[in-house]
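Each remark here refers to the structure printed beneath this line.
Positions are given from 1 along the sequence. Whatever order the structure lists ligands and atoms in, that order sets their numbers, starting from 1. Both backbone and side-chain heavy atoms feed into the values below; hydrogens, waters and symmetry mates do not.
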Amino acid sequence: MLQQLQQKYANTTGISFSQSDSGLTFIHVANDQAQAKVCVHGGHVCEFQPIGEKPVIWMSEDVVYKEGKAIRGGVPVCWPWFGPHSTDTSLPQHGFARNQHWTIAHIENRANGQTLVELILTETDSSLAIWPHAFELKISIVVGIELEMNLTSTNTGDSPMVVGGALHTYFVVGDIAETEITGLDQTVFDDKVSSEDQIIQKGGVLIDQEVDRVYLDTDTTCVIHDGQNDRNIEVSKSGSHTTVVWNPWIEKSQELGDFNDNGYLTMVCIEAVNAGNDVYELQPKQSCSLIQRIKIGN
Ligand SMILES: O=P(O)(O)OC[C@H]1O[C@@H](O)[C@H](O)[C@@H](O)[C@@H]1O
């Protein structure tokens, strides 16, 4: 498998491949603007680092790369639903796409110096058993000064299907105590920690306890002000009116087996989400896109 990929993309500059001990395949991208690492399992961006910058994407020190298991860190693709399934909680949290093998559809160096990596997932017997729809899910990952991830869902079946999900991005920060997230002032959110709904955000988001908030009716750009690293990370999106901010804090970090105990000190998730009423009903042959863009700002 690895050898075949290496041969196929031998002439594509800056592309190489590796495998985890458990056999998962990684695509490594290195161009004049940035480097990135993508895992084929889950259609999952694991690393993104613009040239001259520190890493932007957080990955757990205790990550487990294993077939059928979600990767803790990077950018999990939650699909076709976000969080617990709305009617059947025995179904996998955040859908099934992050636990499946995807295929490499296309890799290309663009004239402007960016690199495009496209991965595809289609229905399988196991997906049909829990979600009875034929589909094509494509993630187009553009690696440049900015990282763009475009998740396109297409209904390839003959009945309508409802699509939710998320680009569940884990960001690195120097010290959570010196971190503020702006862009959500006056936005209404549901608080999954206290179970209180319809709270109004006042000012920036500071994280000094477990935070699990679903911000509603918002498509604004969020900025992570990382005081320790003296940098701002800009997170913009389209195709989503829901933003989730998540940090598990002390106890939950300890509970999650693949999350290093002190990991909560150096990460925050800003997620571009489709959930609740903010989902798509796709008729046969219809598509929708969820896009998140990430860059180091001023
Ligand atoms: O452990 P998981 O399934 O990857 O989920 C991590 C977190 O993902 C967030 O999106 C949810 O809002 C949290 O409630 C959840 O705990």
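A distance of 6.0 Å or more separates the ring centres of Tyr264 and Trp58. Taking the six-membered ring for Trp, His94 and Phe82 have ring centres closer than 6.0 Å.
Those atoms of ligand 1 that come under 4.0 Å of a heavy atom in Glu271, given as number and element, are 9 (C), 10 (O). Shown in contact with Asp212 at under 4.0 Å from a heavy atom are these atoms of ligand 1, numbered in order with element: 11 (C), 12 (O), 13 (C), 14 (O). Of all the atoms in ligand 1, the ones that sit under 4.0 Å from a non-hydrogen atom of Lys192 are 11 (C), 12 (O), 14 (O). Using a 4.0 Å cut-off to heavy atoms of Gln93, the atoms of ligand 1 that qualify are 2 (P), 3 (O), 5 (O), 15 (C). If you number the atoms of ligand 1 from 1 as listed, the ones under 4.0 Å from a heavy atom of Lys252 come out as 16 (O). The ligand atoms of ligand 1 that sit less than 4.0 angstrom from a heavy atom of His168 are 6 (C), 7 (C), 8 (O), 9 (C), 10 (O). Within ligand 1, the atoms closer than 4.0 Å to a non-hydrogen atom of Arg98 are 2 (P), 3 (O), 4 (O), numbered from 1 in the order shown.
Considering only non-hydrogen protein atoms, atom 1 (O) of ligand 1 sits nearest to Arg72 NH2, 3.0 Å. Among protein heavy atoms, atom 7 (C) of ligand 1 sits closest to Trp246 CE2, 3.5 Å.
A donor-acceptor pair is defined here as one N or O able to donate and one able to accept, closer than 3.5 Å; no such pair exists between the side chain of Asp258 and the backbone of Val63. Asp191 places no side-chain N or O within 3.5 Å of a backbone atom of Ser195 that could act as its donor or acceptor partner.
At a heavy-atom distance under 4.0 Å, no atom of Arg213 approaches ligand 1.
Side chains of Ser140 and Glu118: a donor on one and an acceptor on the other come within 3.5 Å. Asp217 and His241 share no side-chain donor-acceptor pair at under 3.5 Å. No donor-acceptor contact under 3.5 angstrom links the side chains of Gln33 and Asn31, judged on distance only. Under 3.5 Å, the side chains of Thr154 and Thr156 contain no donor-acceptor pair of N or O atoms.
Considering backbone and side-chain atoms together, Tyr170 places no N or O closer than 3.5 Å to any N or O of ligand 1.
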